[in-house]
Participant: 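Provided herewith is a single structure, encoded as structure tokens, for subsequent inquiry.
Heavy atoms only: backbone and side chains are in, while hydrogens, waters and symmetry mates are out. Just so it is clear, the structure is predicted and the values come from calculations on it, not from any experiment. In what follows, chains carry the letters A, B, and so on, assigned in the order in which the sequence lines appear, proteins first and then strands, with residues in each chain numbered from 1.
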There are 2 protein chains.
Amino acid sequence: MQDSHTSETNQKSIEATIVSGILSAKIRPGTRLGENQLAALFGVSRTRVREAMMRLETRGIVHVSPRRGWFVVEPSAEEAIAVYEARRIVEAGLLRSMRKLTEEGRKALDAHLNEERNAMAAGDRQRLTYLMGDFHIRVAELSGNAIIVDILRDLTARTILISMLYQSEFHAAQSHEGHRRIFEAMQAGDFGRAAALAVEHLDEVEMGLDLTARPDPLSDLRNSLSLPLKAASAVSRQSDLKTTTSKEQ
Amino acid sequence: MQDSHTSETNQKSIEATIVSGILSAKIRPGTRLGENQLAALFGVSRTRVREAMMRLETRGIVHVSPRRGWFVVEPSAEEAIAVYEARRIVEAGLLRSMRKLTEEGRKALDAHLNEERNAMAAGDRQRLTYLMGDFHIRVAELSGNAIIVDILRDLTARTILISMLYQSEFHAAQSHEGHRRIFEAMQAGDFGRAAALAVEHLDEVEMGLDLTARPDPLSDLRNSLSLPLKAASAVSRQSDLKTTTSKEQ
DNA sequence: TGTGGCTATCTTGCATACAAGACAGAAAGC
DNA sequence: GCTTTCTGTCTTGTATGCAAGATAGCCACA
């Protein structure tokens, strides 16, 4: 893929490499990302690694446990629900805002669905995971709105982490069918239906999760004893303005 | 407002202070944010300031001009359009996803609309700018989804920067009326209509912009010649005693 | 065997030092 | 007077050093 880790690596590539690794299900939730390790891997100093980590933290991809290290986030069940909810909101809004599917867009999605089919036939689960997420990013790209694309990319990355934690079986065929139907509605110019189908599709995937399965079997014990380790799931980043009281939890 | 800049300041507060300053229209687009200046203001070293800047950069709030400094973003006309588009997508999706308005929520919005009225009566433009943006954040807060709230907060901050650049007149009454109607639809439980009204409202505000007015009349010339410079018109720094106010651009 | 405490080591947190680019203003040349 | 060049200063870019917390393992001891 990338030309090893020559001195060429600019700082953005650390970020991109990690996100890419998550999107393609090569990096698991909870993976420790040591500053020294990454610095050595990318041939830079800790300073640049830290900058990348800070950026990834604001994107909700990693979190830091003070003096212990950086970890790929392990979304809690509550966070998982919030991510799916956010995706439904954004994706439905996105589809509903569309007015027509360009020929170019039609081709892109069609090609993508073919890739999904091929990966299913080949039984390549890792690639399937990547493709299932990528479909939604491709839809976002059709809007031409970079802001929305970025938002959905990060949400998709989190979604993949969630499925690595809570998804017991992988219903690829079901997801593919969902994508196919969304595409069909878009092709028919019925974006309201496409939006409804997208919501339905995300609901299905969310329903396929076992949110009672704890990522860390001891997490509730830890939490009740307030013994931080892993999971530190406390509120991603709240409020630049009026934090007020809602610390609840 | 905030308890000065005691040694207590943690790094998040740099971020929060700047975003808050933008949301309340106290920081103008293009403002230079020198690392040394901020470090002195907050009583920390440049390291922490840089971390905050990096985070704000990923949030689309500031950008860095290599070896020249950090600046509050000055969205281009194209970016402005993208921001409004993104807001329409997210806010419409959000409203449409709602099922009911709780009594608590109704009270919060009602109180907010009262604040808008008061500020209009008082003619406090800066506060009005803040309130007009805050309405949308409050709506997002009703969803209870922190992800959506964060997204909309950042988009709102950018919106305020955009209006400071391109909005010649401030149609506060019109915006207030838009908010009132959205609230009314929500109260009636008609969230589809609320979403449509929100889109309409954002359209109106966007239409009120003069996107042909360049933030810097020379920017295109500068860009084409890659001659960066920007005098950060007025206000920006208080450190030097140079009295030569830039009388020409 | 089990328990408590100590220490060595590894981690990030943060500040600082220095390098290098960008700019402004003086100086030089015409 | 006008332009060009040079140089000093200011800015960020990056690495590194040191402090301090967290952890694991060892050892003493009951």
Participant: Think B:Arg46 has a side-chain N or O under 4.0 angstrom from the OP1 or OP2 of C:dC18?
Facilitator: no
Participant: From CG of A:Leu33 over to C1' of C:dT11, roughly how many Å is that when rounded to an integer?
Facilitator: 14 Å
Participant: Starting at atom CZ of B:Phe71, determine the distance to atom C1' of D:dT11, rounded to an integer number of angstrom.
Facilitator: 10 Å
Participant: I want to verify a distance call: between D:dT11, D:dA20, C:dA15, whose nearest atom is closest to the B:Arg32 side chain?
Facilitator: D:dT11
Participant: Could A:Glu115 and A:Arg127 be called an ion pair, given the rule that one side-chain N must be under 4.0 Å from one carboxylate O?
Facilitator: yes
Participant: Which listed nucleotide (C:dA15, C:dT12, D:dT12) is nearest to the side chain of B:Val44?
Facilitator: C:dA15
Participant: What is the separation between atom CZ on B:Phe42 and atom P on C:dC14, rounded to the nearest whole Å?
Facilitator: 15 Å
Participant: Given C:dA15, D:dT12, C:dT12, identify the nucleotide with an atom nearest to the side chain of B:Ser45.
Facilitator: C:dA15
Participant: Counting neighbours of OH on A:Tyr130 that are heavy atoms of other residues, nucleotides or ligands and sit closer than 6.0 Å, is the number greater than 12?
Facilitator: no
Participant: Using whole Å, what does the distance between atom P of nucleotide C:dC14 and atom CD of B:Glu51 come to?
Facilitator: 7 Å
Participant: For B:Asn36 and D:dT9, what is the distance between atoms CG and P respectively, to the nearest whole Å?
Facilitator: 16 Å
Participant: Taking the side chain as C-beta and beyond, is there a heavy-atom pair between B:Val205 and B:Thr159 under 4.5 Å?
Facilitator: no
Participant: What integer distance in Å separates A:Arg48:CZ from D:dA15:C1'?
Facilitator: 10 Å
Participant: Measure from CD1 on B:Ile14 to C1' on C:dA15 and round the result to the nearest Å.
Facilitator: 14 Å
Participant: Please figure out whether A:Pro66 or B:Val64 has its closest DNA chain D nucleotide nearer the 5' end.
Facilitator: B:Val64
Participant: Which nucleotide in the list C:dA19, C:dT12, D:dT23 gets nearest to the side chain of A:Arg68?
Facilitator: D:dT23
Participant: Does A:Glu57 pair with B:Arg55 as a salt bridge, N-O distance under 4.0 Å?
Facilitator: yes
Participant: Just the rounded figure in Å: distance from P of C:dT11 to CZ of A:Arg67.
Facilitator: 14 Å
Participant: Considering only D:dT12, D:dG21, C:dT16, which nucleotide approaches the side chain of B:Thr47 most closely?
Facilitator: C:dT16
Participant: Residues in salt bridge (Lys or Arg N to Asp or Glu O under 4.0 Å) with A:Arg88, at least two apart?
Facilitator: A:Glu85, A:Asp203, A:Glu206
